[in-house]
Undergrad: 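Let me give you the structure first, and then I'll get to my questions.
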2 protein chains.
Amino acid sequence: MFSRTVEYALRAIVQLAHVAPDVATTEQISAATQVPEPYLRKVLQALGRAELVTSQRGASGGVRLARGVEDLTILDVVNAVDPIERISRCPLDLKSHGDQLCPLHARIDHALSGIEEAFRNTTLAEVLSEPTGSTPLCDFSKE
Amino acid sequence: MFSRTVEYALRAIVQLAHVAPDVATTEQISAATQVPEPYLRKVLQALGRAELVTSQRGASGGVRLARGVEDLTILDVVNAVDPIERISRCPLDLKSHGDQLCPLHARIDHALSGIEEAFRNTTLAEVLSEPTGSTPLCDFSKE
DNA sequence: ATCGAATGGGACATCGATGTCCCATTATGG
DNA sequence: CCATAATGGGACATCGATGTCCCATTCGAT
């Protein structure tokens, strides 16, 4: 349903949020999130291009959040690596009705819209401060 | 977001609903839905295994809906070919908290739940009778 | 009975998502 | 200035989703 890449990106961002405003190395993030390190590189690069994180090369470098957790939504992360594709035109491309969706695709798009909205309205701060007792990402028994 | 297979399956089902209770051949459905015929075969076979359609071999055979449109939801179709995978355990599999999801995954799962619910509550009958002027699937200028 | 129409299903082809590897580049710290 | 730590990014490997092909099987019609 959601790509693995999205899952990985969210894990990485949450992990970075935990250590914010410090930097973390790819290796550290990989260890904490159980995302294969070489692939995590790519994901972090994508997050960098989307300007959600900034990175610093060289010794004592690493990656850090580019914004505060209050100003960073799940949707931001999703859109950075694997944007939700809304349905704006009938995929069958029949001109029967201009830009109006047939009921089937209208329903599907509406469902997508619901997800988008839910993700847009959820900031990292909310996820982190949830009073569930469970820490986001589930680990940090150490740390 | 949704696999192409889901899209194809929905198109096929809608098309079958249009001609119900008659049968349609794979070739006819393919033409109406613009789904590549050989692949559509596979999709229809899956729908058959899920008992959403029944098929008849041989001359004047084909495929037809196995249920009435009132009793057939979008979720049925989706689940037949590419079930929505809810998140029931933390993917990181840390024992920190038994079966409780961390806030991040709880949010994601909640979004999935919303989709599931929306699809469960939408029957084919509703999609077909929508008073939008647009016929589902967008074609049938011919009929 | 036989021919042709149609699905059943296995084998194969292609393509993009996922995952790995390697080296260039950049920064820090001694 | 040099060694080392780290990211940047291109090239390649793997795997599953998608798409194609072929033939066996089944049924209807003549």
Side-chain angles (χ1 to χ4, degrees), chain A residues 1-13 15-16 19 22-66 78-85 91, chain B residues 1-13 15-16 19 22-66 78-85 91:
Chain A
M1 196 61 194
F2 294 101
S3 72
R4 210 160 293 199
T5 305
V6 162
E7 166 77 19
Y8 291 169
L10 285 169
R11 287 191 205 173
I13 289 286
Q15 169 62 18
L16 283 170
V19 302
D22 291 345
V23 300
T25 68
T26 304
E27 193 180 6
Q28 290 167 337
I29 301 173
S30 168
T33 58
Q34 301 180 22
V35 176
E37 206 211 298
Y39 194 68
L40 181 59
R41 269 173 190 301
K42 303 302 183 184
V43 175
L44 288 172
Q45 285 177 12
L47 292 174
R49 282 189 293 271
E51 303 190 345
L52 299 190
V53 304
T54 59
S55 58
Q56 186 72 48
R57 285 185 174 186
S60 78
V63 179
R64 88 179 72 209
L65 288 190
V78 170
N79 278 340
V81 297
D82 197 359
I84 295 177
E85 294 179 36
Chain B
M1 196 60 192
F2 294 101
S3 71
R4 210 161 294 200
T5 305
V6 163
E7 165 76 19
Y8 291 168
L10 285 168
R11 286 190 206 174
I13 289 286
Q15 170 63 17
L16 284 171
V19 302
D22 291 345
V23 301
T25 67
T26 304
E27 192 181 6
Q28 290 167 340
I29 301 173
S30 168
T33 58
Q34 300 181 24
V35 176
E37 206 213 297
Y39 194 68
L40 180 60
R41 272 173 185 300
K42 304 303 184 183
V43 176
L44 287 173
Q45 285 178 12
L47 293 175
R49 282 188 292 272
E51 303 190 344
L52 298 190
V53 303
T54 59
S55 59
Q56 185 72 49
R57 285 185 174 185
S60 77
V63 180
R64 88 180 71 208
L65 288 190
V78 171
N79 279 339
V81 296
D82 197 359
I84 294 177
E85 295 179 34

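We name chains A, B, ... by the order of the sequence lines, and we start the count at 1 in each one.
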Undergrad: For A:Arg64 and C:dA27, what is the distance between atoms CZ and C1' respectively, to the nearest whole Å?
TA: 14 Å

Undergrad: Taking only the side-chain heavy atoms of B:Arg49 (C-beta and beyond), determine which of D:dC21, C:dG9, C:dT18 contains the nearest atom.
TA: C:dG9

Undergrad: Going by modelled atom types, is there a donor-acceptor pair between the base of C:dG8 and the side chain of B:Lys42 at under 3.5 Å?
TA: no

Undergrad: What is the distance, to the nearest angstrom, from the CZ atom on A:Arg41 to the C1' atom on D:dA11?
TA: 15 Å

Undergrad: Would you kindly give the CD-to-P distance between A:Glu27 and D:dA5, to the nearest whole Å?
TA: 10 Å

Undergrad: Would you mind telling me which of D:dG8, D:dT4, C:dT7 lies closest to the side-chain atoms of A:Ser55?
TA: D:dG8

Undergrad: C:dT7, OP1 or OP2 - any side-chain N/O from B:Thr26 closer than 4.0 Å?
TA: yes

Undergrad: Without decimals, in angstroms, what is the distance between A:Asp82 CG and C:dA17 P?
TA: 8 Å

Undergrad: With side chains defined as the heavy atoms from C-beta onward, is the minimum distance between B:Ser3 and B:Tyr8 less than 4.5 Å?
TA: no

Undergrad: Rounded to whole angstroms, how far apart are CD on B:Glu37 and C1' on D:dT18?
TA: 16 Å

Undergrad: Does D:dT18 have OP1 or OP2 under 4.0 Å away from a side-chain N or O of B:Thr5?
TA: yes

Undergrad: By the 4.0 Å heavy-atom rule, please label A:Gly48 as base, sugar-phosphate, or nothing.
TA: nothing

Undergrad: Within this structure, what is the CD-to-C1' distance between B:Gln45 and D:dA24, rounded to whole angstrom?
TA: 13 Å

Undergrad: By nearest nucleotide on DNA chain C, pick out whichever of A:Ser3 and B:Ser60 is the more 5' one.
TA: B:Ser60

Undergrad: Nearest whole Å is fine: how far is C:dG8 P from B:Arg57 CZ?
TA: 6 Å

Undergrad: Any heavy-atom pair between the side chains of A:Arg11 and A:Gln15 that's under 4.5 Å?
TA: no

Undergrad: Would you indicate whether the side-chain heavy atoms of A:Leu44 and A:Thr26 approach each other to under 4.5 Å?
TA: yes

Undergrad: Could you tell me whether the side chain of B:Val23 reaches within less than 4.5 Å of the side chain of B:Thr54, counting heavy atoms only?
TA: no

Undergrad: Between C:dT20, D:dT20, C:dA5, which nucleotide has the shortest distance from any of its atoms to the side chain of B:Ala59?
TA: C:dA5

Undergrad: When you measure only distances, ignoring hydrogens and angles, does the side chain of A:Arg4 come within 3.5 Å of the base of C:dT18 through a donor and an acceptor?
TA: no

Undergrad: Does A:Pro36 reach a base, just sugar-phosphate, or nothing at all? Heavy atoms under 4.0 Å.
TA: sugar-phosphate

Undergrad: So what does A:Gln56 hit on the nucleic acid, given a heavy-atom distance under 4.0 Å: a base, only sugar-phosphate, or nothing?
TA: sugar-phosphate

Undergrad: Report yes if some heavy atom in the side chain of A:Ile29 is under 4.5 Å from a heavy atom in the side chain of A:Leu40; otherwise report no.
TA: yes

Undergrad: With nearest nucleotide decided by heavy atoms, which residue, A:Gly58 or A:Phe2, maps closer to the 5′ end of DNA chain C?
TA: A:Phe2

Undergrad: With side chains defined as the heavy atoms from C-beta onward, is the minimum distance between B:Val63 and B:Leu16 less than 4.5 Å?
TA: yes

Undergrad: Please report, rounded to the nearest Å, how far the C1' atom of D:dT20 is from the CG atom of B:Leu40.
TA: 14 Å

Undergrad: Using OP1 and OP2 only, check whether a side-chain N or O of B:Tyr8 sits under 4.0 Å from D:dT18.
TA: no

Undergrad: Under 4.0 Å between a side-chain N/O of B:Thr25 and OP1 or OP2 of C:dT7, yes or no?
TA: no

